[in-house]
Amino acid sequence: EAQVTQNPRYLITVTGKKLTVTCSQNMNHEYMSWYRQDPGLGLRQIYYSMNVEVTDKGDVPEGYKVSRKEKRNFPLILESPSPNQTSLYFCASSLYGVAFFGQGTRLTVV
Amino acid sequence: RKEVEQDPGPFNVPEGATVAFNCTYSNSASQSFFWYRQDCRKEPKLLMSVYSSGNEDGRFTAQLNRASQYISLLIRDSKLSDSATYLCVVDPPRSNDYKLSFGAGTTVTVRA
């Protein structure tokens, strides 16, 4: 089954404690992205990757890092989370404009 | 101006009604358009692509108006299960899959 898998689904953490949200896809897509979704603001792109070892900033990259060492994996790293990063996060892989999303990670930073 | 704008709604309609809403986009050179459906903070899922000639998928009809730069979605014979947020997605011409532009969504609530 074609899918994008994110972990964890829910996470509560404290300010400043580094965390990683994993994302894996089994469709051999070159393009992957991370989004955050906040009420009234819709989906905003954080980072994207066009292929292995090729990443670039999206619209709201501050406070985030990513890596793409393998085609299937695209982890999102928060080195020092802050409360304004409390949000719903989605990873997606896409082909020809059609995006497949992971189930989302609801992150709360206290 | 946002790249993609949608009326947030909500559109509250009775079962069996027809509901329609639009999405406007700012880049006149955009080539690809999509409607996604999102249920209650779950992941968005592709509902349908929007073709230049317009297209139907069962009770759903999508239209593209390039002159006025908007796309529309019409839902006929609404079901309770159609209650969701509908996201308009535009693929600007400069992008290569990684820069889809999402609208903030239109919420539809179908009541019994």
Side-chain angles (χ1 to χ4, degrees), chain A residues 2-7 9-10 23 25 27-51 54-61 66 68 71 74 86-108, chain B residues 1-10 21-27 29-52 55 57 62 64 71 84-107:
Chain A
Q3 60 184 5
V4 178
T5 304
Q6 280 179 242
N7 279 296
R9 295 285 309 280
Y10 303 91
C23 174
Q25 53 102 356
M27 293 167 279
N28 203 37
H29 289 164
E30 292 182 344
Y31 304 112
M32 298 185 73
S33 300
W34 274 102
Y35 298 88
R36 61 178 289 174
Q37 188 174 36
D38 302 290
L41 297 178
L43 283 161
R44 293 181 293 167
Q45 192 181 54
I46 302 170
Y47 267 93
Y48 62 88
S49 170
M50 291 178 283
N51 213 327
V54 182
T55 64
D56 209 344
K57 297 177 181 179
D59 298 316
V60 288
V66 293
R68 188 91 181 273
K71 185 180 274 193
F74 190 42
T86 292
S87 188
L88 178 59
Y89 291 87
F90 289 106
C91 175
S93 70
S94 61
L95 182 65
Y96 303 127
V98 177
F100 298 83
F101 287 85
Q103 292 179 293
T105 296
R106 188 172 296 277
L107 172 65
T108 302
Chain B
R1 182 184 174 187
K2 290 183 180 177
E3 290 190 44
V4 180
E5 295 201 61
Q6 294 184 248
D7 181 344
F21 41 90
N22 295 337
C23 159
T24 59
Y25 59 95
S26 60
N27 190 329
S30 297
Q31 294 296 317
S32 303
F33 309 89
F34 310 87
W35 283 105
Y36 281 68
R37 170 191 171 127
Q38 186 174 25
D39 294 300
C40 197
R41 304 292 271 175
K42 294 188 177 179
E43 75 273 24
K45 293 183 179 179
L46 179 67
L47 178 66
M48 59 197 300
S49 302
V50 185
Y51 303 124
S52 295
N55 48 297
D57 184 359
L64 168 63
I71 65 173
T85 297
Y86 292 86
L87 306 177
C88 169
V89 181
V90 176
D91 190 8
R94 69 180 183 282
S95 80
N96 289 297
D97 288 344
Y98 51 89
K99 194 62 177 171
L100 297 176
S101 294
F102 286 82
T106 296
T107 299

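Worth saying up front: this structure is predicted, and the values here are computed from it rather than measured. Lettering follows sequence order; numbering is per chain, from 1.
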side-chain contact (heavy atoms from CB on, under 4.5 Å) between B/Tyr36 and A/Leu43, intermediate numbers included: CA-CA 12 Å; B/Tyr36 281 68; A/Leu43 283 161; over 6 Å; no
Counting heavy-atom pairs under 4.5 Å with chain A, which one of B/Ala104, B/Pro44, B/Ser32, B/Gly105 comes out on top? B/Pro44
If I take atom CZ from residue B/Phe34 and atom OH from residue A/Tyr96, how far apart are they, to the nearest 0.5 angstrom? 12.0 Å
Could you look at A/Asp59 and say if it's the side chain, the backbone, both or neither that has a heavy atom under 4.5 Å from chain B? both
CZ of A/Phe100 to CG of B/Leu46: how many Å apart, nearest 0.5 Å? 7.5 Å
Is A/Arg106 in contact with chain B via its backbone, its side chain, both, or neither, using a 4.5 Å heavy-atom distance? side chain
Count the heavy atoms of every other residue, nucleotide or ligand shown that sit under 6.0 Å from NZ of B/Lys42, and state whether that count exceeds 12. no
Indicate the atoms forming the closest heavy-atom contact of B/Glu43 with A/Phe101, along with that distance. CB-CB, 3.7 Å
A/Gln37, part contacting chain B, at a heavy-atom distance under 4.5 Å: both
Please classify the contact between B/Gln38 and chain A as side chain, backbone, both or neither, with a heavy-atom cut-off of under 4.5 Å. side chain
Side chain, backbone, both or neither: which part of A/Ala92 has an atom under 4.5 Å from a heavy atom of chain B? neither
